[in-house]
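Numbers here are sequence positions counted from 1. No experiment lies behind these values; they were computed from the predicted model shown. We use all heavy atoms of the structure for the numbers below, so side chains are in, but hydrogens, waters and symmetry mates are not.
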Amino acid sequence: MNEKKDKIYFASDFHLGAPNYSESRKREKLIVKWLDEIKNDASDIFLLGDIFDFWFEYKKTIPKGFTRLLGKLAQLSDAGIKLHIFAGNHDLWLKDYFEKEIGATLYFKPVIKKINSKTFYLAHGDGLGPGDYGYKFINRIFKGKVNQWLFRWLHPDIGIRLASFFSIKSRAKTNKLTDSFLEEKEWLVIHSREILKKQKIDFFLYGHRHYPKKYQLNDTSYYINLGDWLSNFSYAVFDGKELELKYF
């Protein structure tokens, strides 16, 4: 057993809850198996959004299910592994549950982190770069505090059913983009290049796109999309020097 906990893992887009209960449960068990395999050498685990196909925290209620994943994350946190969770466009209504119950650090915007000698730009990826103005408009509506307050007054059985309908529509639109990688026309590649004009970044890591890809931006910078766990079961691992995209 490797007792040296010096690797950092990145994953995104589990979309637990989709497309149905039985498929989600099988995928959840696979994710827990992956977490069990990496726990012996992981110092940090970054989950870059859309862990759930829908998540909304009422004051006294959270969505039913996902017990195996939540329990495993709590176990890893209790063992000293640092958990970092980003809000995606499907689970943007994260509040304080994961901080209080699991000890995770939450992020709602892109962040830049220095890890060893490398600089990372980390984000879920939704709404970044040019284009997709329809989504950006809808996203502003969903993030509005008044709208969230109004939604909270819906009974969870109604609210979750309604939100699941929109989640299916959003995921279907994202899935249409996964057939190919558009290289320099990719919105997130364009966004990354804009950031590079201002400062040096070694690794840009995103979720959202569902297309696993490591793409070289210049001599020292890379764009990495983590893919998803609906069909690719992909993740990235950083050993302190190099970052590798892998499949489970």
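Under the side-chain hydrogen bond (donor to acceptor under 3.5 Å, both in side chains) test applied with His210, the options Asp13, Asp50, Asn225 reduce to a single match, Asp13. Across Phe54, Phe52, Phe14, a single residue satisfies ring pair (Phe, Tyr, Trp, His ring centres under 6.0 Å) together with Phe66, and that is Phe52. Screening Phe203, Phe120, Phe204 for a ring pair (Phe, Tyr, Trp, His ring centres under 6.0 Å) involving Phe10 leaves a single residue, Phe120.
Side-chain N or O atoms of Ser192 include one that pairs as donor or acceptor with a backbone N or O of Leu188 at under 3.5 Å. For Glu28 (side chain) and Leu69 (main-chain N/O), a donor-acceptor pair under 3.5 Å exists by modelled atom type.
Taking all atoms of both residues into account, the shortest heavy-atom contact from Ser12 to Leu226 is OG-CB, 3.7 Å. The minimum heavy-atom distance linking His15 with Arg27 is given by the pair O-NH2, 2.6 Å. What you find for Leu217 and Val189 is that their closest heavy atoms are CD2-CG1, 4.0 Å. Heavy atoms only, all atoms of each residue included: Ser221 and Leu196 are closest at OG-CD2, 3.5 Å. When every heavy atom of Lys5 is checked against every heavy atom of Ser43, the shortest pair comes out as O-CB, 3.4 Å.
In this structure Tyr223 satisfies the ring-ring contact (aromatic ring centres under 6.0 Å, His included) test together with Phe181, Tyr206, sequence neighbours excluded. With sequence neighbours left out, Ile190 forms a side chain to side chain contact (heavy atoms under 4.5 Å, CB included) with Pro130. Residues satisfying the side chain to side chain contact (heavy atoms under 4.5 Å, CB included) criterion with Lys200, sequence neighbours excluded, are Asp202, Thr220. Applying the salt bridge (charged side-chain N to carboxylate O under 4.0 Å, His left out) test to Lys114 and every residue at least two apart in sequence or in another chain returns nothing. Legend: residues meeting ring-ring contact (aromatic ring centres under 6.0 Å, His included) with Tyr9, ordered by chain and number and at least two apart, are absent. Lys197 pairs by the salt bridge (charged side-chain N to carboxylate O under 4.0 Å, His left out) definition with Glu194, not counting sequence neighbours. Scanning for side-chain hydrogen bond (donor to acceptor under 3.5 Å, both in side chains) contacts around Trp229 gives an empty result, with sequence neighbours left out. Under the side-chain hydrogen bond (donor to acceptor under 3.5 Å, both in side chains) criterion, Arg193 pairs with Glu184, not counting sequence neighbours.
Legend: side-chain hydrogen bond (donor to acceptor under 3.5 Å, both in side chains) pairs involving residues 232-248, not counting sequence neighbours, sorted by first then second residue: Asp228-Asn232. Residue pairs meeting the salt bridge (Lys or Arg N to Asp or Glu O under 4.0 Å) criterion with at least one partner in residues 70-94, sequence neighbours excluded, are Asp36-Lys72.
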Mind listing the side-chain donor-acceptor pairs of residues 19-26 below 3.5 Å, one per line with the distance, residues two or more places apart or on another chain?
unit_1: Asn20; atom_1: OD1; unit_2: Ser22; atom_2: N; d: 3.3
unit_1: Asn20; atom_1: OD1; unit_2: Ser22; atom_2: OG; d: 3.1
unit_1: Asn20; atom_1: OD1; unit_2: Glu23; atom_2: N; d: 2.8
unit_1: Tyr21; atom_1: OH; unit_2: Arg25; atom_2: NH2; d: 2.6
unit_1: Glu23; atom_1: OE2; unit_2: Lys26; atom_2: NZ; d: 3.2
unit_1: Ser24; atom_1: OG; unit_2: Gly17; atom_2: N; d: 2.7

Could you tabulate the donor-acceptor pairs under 3.5 Å formed by side-chain atoms of residues 99-109, not counting sequence neighbours?
unit_1: Lys100; atom_1: NZ; unit_2: Asp96; atom_2: OD2; d: 3.2
unit_1: Tyr107; atom_1: OH; unit_2: His84; atom_2: ND1; d: 2.8
unit_1: Tyr107; atom_1: OH; unit_2: Lys113; atom_2: NZ; d: 3.4

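The residues Arg209 and Glu186 are annotated as salt-bridged, a charged nitrogen and a carboxylate oxygen being separated by less than 4.0 angstrom.
Counting heavy atoms from C-beta outward, Phe46 and Phe238 have side chains that stay 4.5 Å or more apart. Using a 4.5 Å cut-off on side-chain heavy atoms (C-beta onward), Leu243 and Leu205 make contact. Contact of the Ile115 side chain with the Asp44 side chain is not registered, since no non-hydrogen atoms from C-beta on lie closer than 4.5 Å. Here the side chains of Lys7 and Ile38 are not in contact, with every heavy-atom distance at 4.5 Å or above. Side-chain contact between Leu94 and Glu57: present, with at least one pair of heavy atoms (C-beta onward) separated by less than 4.5 Å.
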